[in-house]
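Note that the coordinates shown come from a computational prediction; the quantities given were computed from them, not determined experimentally.
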Amino acid sequence: MKIRKNLANTLIYLSAYIGCAVFALVGGLLFLKCSDEDIKKPLKTALILSIAFIAIEAAVLICEDLFSAIDQWALSYWVSLVADAVKIIVFGFAALSAFSGSSKEFYVLDGFGSEK
């Protein structure tokens, strides 16, 4: 089975935005079934972004607890909103830049389809 490189890279970034479990499924499938070494760069970038945003979400949760302890609910809302907006912008930009490539190249996925 073949998949365009720009579409595969877009799927990698979108799955990383959705969640770690989805990213593990999509990224793991592409990593294991693709024989091309170029797949490692977007996978590594998406993994680093996912880990960074997990850390940011942990910090936001700690801030929400602190702000709720001092009755600053509005500040807690804005911190959470800004963190979510930054995550959407970063992953959206990464997916859009991966998709906008007009490459005619394909990744070949081993073990799918009827090619022999």
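- To the nearest 0.5 Å, atoms CZ (Phe91) and CG (Leu14) are separated by 9.5 Å.
- Between Val26 and Ser15, the closest heavy-atom pair is CB-OG, 3.8 Å.
- Hydrophobic cluster membership is shared by Met1 and Phe31, with clusters built from Ile, Leu, Val, Met, Phe, Trp and Tyr side chains linked at under 4.5 angstrom.
- In this structure Phe106 satisfies the side-chain contact (heavy atoms from CB on, under 4.5 Å) test together with Lys2, Arg4, sequence neighbours excluded.
- From Tyr17, atom OH reaches atom CD1 of Ile88 across 4.0 Å, with rounding to the nearest 0.5 Å.
- With sequence neighbours excluded, no residue forms a salt bridge (charged side-chain N to carboxylate O under 4.0 Å, His left out) with Asp84.
- Leu109 and Cys34 get closest at one heavy-atom pair: CD2-CB, 3.9 Å.
- Contact of the Glu105 side chain with the Asp36 side chain is not registered, since no non-hydrogen atoms from C-beta on lie closer than 4.5 Å.
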Carefully, step by step, assess Leu30 and Tyr107 under the rule side chain to side chain contact (heavy atoms under 4.5 Å, CB included). CA-CA 9 Å; Leu30 289 173; Tyr107 289 128; 5.7 Å; no
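- Cluster membership check: Leu7 shares its hydrophobic cluster with Ile18, using side-chain heavy-atom separations under 4.5 Å among Ile, Leu, Val, Met, Phe, Trp and Tyr.
- With rounding to the nearest 0.5 angstrom, the OG atom of Ser35 is 5.0 Å from the CG atom of Asp110.
- Separating the CD1 atom in Ile39 from the CG atom in Asn9 is a distance of 5.5 Å, to the nearest 0.5 Å.
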Cut-off 3.5 Å, no hydrogens considered: what does the side-chain donor-acceptor table look like for residues 68-79, sequence neighbours left out?
{"residue": "Ser68", "atom": "OG", "partner": "Glu64", "partner atom": "O", "Å": "3.1"}
{"residue": "Ser68", "atom": "OG", "partner": "Asp65", "partner atom": "O", "Å": "2.9"}

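- Across Ala83 and Ile56, no two heavy atoms sit closer than the pair CB-CG2, 4.2 Å.
- Every residue two or more places apart in sequence or in another chain that forms a salt bridge (charged side-chain N to carboxylate O under 4.0 Å, His left out) with Lys87 is listed here: Glu57.
- Clustering ILVMFWY residues whenever any of their side-chain heavy atoms sit less than 4.5 angstrom apart, transitively, puts Val22 in the very cluster that holds Ile12.
- Between Tyr13 and Leu96 there is no side-chain heavy-atom pair separated by less than 4.5 Å.
- At a threshold of 4.5 Å between side-chain heavy atoms, the hydrophobic network of Ile, Leu, Val, Met, Phe, Trp and Tyr places Leu25 and Leu32 in two separate groups.
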In sequence, state the C-alpha distance, the side-chain angles, and the governing distance for Ile3 and Leu11, and then conclude on side chain to side chain contact (heavy atoms under 4.5 Å, CB included). CA-CA 11 Å; Ile3 186 170; Leu11 287 174; 4.1 Å; yes
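- For Lys40, the salt bridge (charged side-chain N to carboxylate O under 4.0 Å, His left out) partners two or more places apart in sequence, or in a different chain, are Glu37.
- Residues satisfying the side-chain contact (heavy atoms from CB on, under 4.5 Å) test with Ile54, not counting sequence neighbours, are Cys20.
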